[in-house]
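Notes for the one structure printed next.
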Amino acid sequence: MLEEFHIKGYWWLPTVNKKVEGVLHFKQEIIQLELKGSISENPNVNIQEIIWGKAESGEEITLFNTIRTLYDMRVLDNYKQGSIIDIPESYSINSFLIGGLHEELQSTKFFSCTFLPSHFNQWIPQKDKTFINIFLDKERLKIKGENNDYQRGFLLEAEEGQSITWYLEYISKIKKLLMLMSGHPNVNERIEFFSEKGKRKCTYFIINRPKKKLPNIQMKQCLIRYIDIEKNASQIFSKWFTLYDDLKILTGIYFSDWYMDKFLEMKFLNAVQVVEIFHSWMRKDTKKVISPESYTKLEMAKQLLKETIPNYNEVLKVNLKEDKKFILQNRFDYLFKELDEKTKDFLIGNDAEIAVFTRQAVQTRNRFTHYGKEQQFTLSSSKELTYTIYRLKAFITVLLLKEIGVSEFVVLHRMMNRLDIPYTELQAAKQFLNSEKYLSFLNSNNSN
């Protein structure tokens with residue numbers, strides 16, 4: 001984990017050559033500039049896109065997207081009276097670059113970038129190895145993964161110079177893939193940019209905003225390690241980039257539980273929503289389309305029903321509501337059919353137990369989204385919801401990893417040998433949610 005540090009120096013605005021002594025403080029979750037005076041000529045302006053600085057060591061620094069967080073009101077009073085008192089101020093910083101004075105994030109072009117994520121050694125311990133080597137044709141971007149005495153992490157090389165924000169987009173994609181495979185959140189340990197001429201190096205720092213403390217993980221706590229996908233690692237990385245736009249929304253929801261605290265009900269709804277989005281986006285060919293001829297016949301039938309049934313509109317609303325539940329149930333059924341019997345047994349149990357689990361998940365979802373209208377048996381206690389969330393998260397993880405090319409056998413084997421939640425709790429979830437109390441729900445539901 002990148003340790004906090006402090007940089008003493010002088011700081012000023014590009015448009016105002018007034019240099020003020022101050023200290024830049026860096027922590028993973030916050031970057032703060034504390035000044036001994038004021039660098040701004042206008043106390044009414046709190047946002048500065050760029051602040052320049054020069055460290056005591058002589059290094060040039062550019063601060064990006066800054067917001068003033070401390071400013072004595074006496075300055076504003078004196079400003080109105082036509083004079084300025086030089087009183088200390090502080091700025092919150094989103095990111096900064098050590099190595100040069102730059103106009104904006106987009107202005108300076110770099111031809112390569114190196115990125116080291118946290119937990120890298122836990123994911124790939126092997127040294128002297130180039131473990132990824134792919135080329136993204138559309139983006140004209142080469143990505144190499146290296147772990148040796150000279151380079152640890154990922155090297156991104158563009159055919160043409162690109163901005164920092166351009167590289168950050170692909171760094172974010174790599175981070176999310178590693179998060180999915182490792183089963184843990186990660187942050188930026190190091191990001192460096194290189195210009196073409198003389199390979200001048202600039203080091204970039206940006207806020208990481210996890211609301212939860214990141215864990216110190218060991219090798220055995222990584223879900224999918226490099227050694228598990230060594231033979232087709234490049235293909236998996238390539239497929240991840242190919243599918244990223246389709247997976248972006250659902251993975252955003254999937255990862256959100258790691259970064260913010262939520263009520264159990266919200267975690268449950270998010271997990272169900274990920275299943276819905278996954279099936280909707282990744283199984284588009286399973287949707288049924290009504291032909292024009294069938295649509296015409298359906299409209300004729302609806303007109304006849306309207307003439308025959310006085311309260312037809314109310315009946316139609318009920319039918320549409322029931323159909324909505326049926327669609328979600330179908331999504332679950334379809335996706336579980338894709339899994340091997342051993343995987344299903346590990347996650348939930350046999351077919352009857354899966355049927356109970358999915359129906360309860362559907363009905364609980366309906367109860368939370370249409371509160372009070374769902375009268376059938378639903379899950380409501382903390383223990384019921386917690387175990388159901390564990391099952392859904394494991395189910396979704398299998399689907400996502402399979403989708404990008406990781407062997408289902410490998411995923412199952414690794415899950416069975418994990419030492420952390422949710423995988424250690426799946427057996428307890430079986431004993432609780434597969435008990436007679438819950439399985440009787442299937443029989444009562446079928447008899448209605």
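Quick caveat: nothing in here was measured; it's all calculated off a predicted structure.
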With a 4.0 Å cut-off, would you call [X] and [Y] a salt bridge?
X    : Y    : result
R365 : E276 : yes
K144 : E146 : yes
K142 : D137 : no
R283 : E338 : yes

Using side-chain heavy atoms (C-beta onward) and a distance below 4.5 Å, is [X] in contact with [Y]?
X    : Y    : answer
E169 : S172 : no
F346 : M415 : yes
L426 : Y387 : no
L223 : Y423 : yes
W166 : K109 : no
V406 : I236 : yes
L335 : V275 : yes
D228 : R414 : yes

Donor-acceptor pair between E34 and S90 side chains, under 3.5 angstrom: no
May I ask you to check whether T69 and Y91 show a side-chain donor-acceptor distance below 3.5 Å? no
Side chain of [X], backbone of [Y]: donor and acceptor closer than 3.5 Å?
X    : Y    : result
T388 : E384 : yes
T251 : Y254 : no
S435 : F432 : yes
S238 : S234 : yes
Q363 : Q360 : no
S182 : L178 : yes
N188 : R190 : no
R152 : L116 : no
H184 : M181 : no
E408 : D340 : yes

How many angstroms lie between [atom1] in [X] and [atom2] in [Y], if you round to the nearest 0.5 Å?
X    : Y    : atom1 : atom2 : result
R68  : L35  : CZ    : CG    : 10.5 Å
K337 : D333 : NZ    : CG    : 6.0 Å
N186 : S118 : CG    : OG    : 4.5 Å
N46  : I67  : CG    : CD1   : 8.5 Å
I164 : C202 : CD1   : SG    : 7.5 Å
T66  : N94  : OG1   : CG    : 10.0 Å

Closest non-hydrogen atom pair, [X] against [Y]:
X    : Y    : result
Q162 : A158 : CG-CB, 3.8 Å
A394 : L347 : CB-CD2, 3.6 Å
F241 : Y170 : CE2-CD2, 3.9 Å
F120 : P117 : CB-O, 3.4 Å
R391 : I348 : NH2-O, 3.3 Å
S40  : Q48  : OG-NE2, 3.9 Å

For residues [X] and [Y], establish whether the separation of their ring centroids is below 6.0 Å.
X    : Y    : value
F395 : F336 : yes
H279 : Y334 : yes
F193 : Y167 : yes

Angle class for the Y244/W240 ring planes (parallel below 30°, perpendicular above 60°, tilted otherwise)? perpendicular
Kindly assign one of parallel, tilted or perpendicular to the pair F154 and F131, based on the angle between their ring planes and the thresholds 30° and 60°. perpendicular
Check against side chain to side chain contact (heavy atoms under 4.5 Å, CB included), L392 and F357: CA-CA 10 Å; L392 287 170; F357 168 73; 3.8 Å; yes
Go through it in stages, so that I can follow the logic: the residues are F111 and F194, the test is side chain to side chain contact (heavy atoms under 4.5 Å, CB included), and I'd like the CA-CA distance, side-chain angles, deciding distance and then a yes or no. CA-CA 6 Å; F111 286 82; F194 299 86; over 6 Å; no
Might you work through the side chain to side chain contact (heavy atoms under 4.5 Å, CB included) test for F278 and E403, ending with a clear yes or no? CA-CA 10 Å; F278 181 90; E403 196 67 19; 3.5 Å; yes
Worked check of side chain to side chain contact (heavy atoms under 4.5 Å, CB included) between I227 and I124: CA-CA 7 Å; I227 193 173; I124 176 169; over 6 Å; no
So D345 and K430, salt bridge (Lys or Arg N to Asp or Glu O under 4.0 Å) or not? Walk me through it. CA-CA 10 Å; D345 182 70; K430 265 188 178 185; 3.6 Å; yes
Answer yes or no: does atom CZ of F255 have more than 12 heavy-atom neighbours from other residues, nucleotides or ligands under 6.0 Å? yes
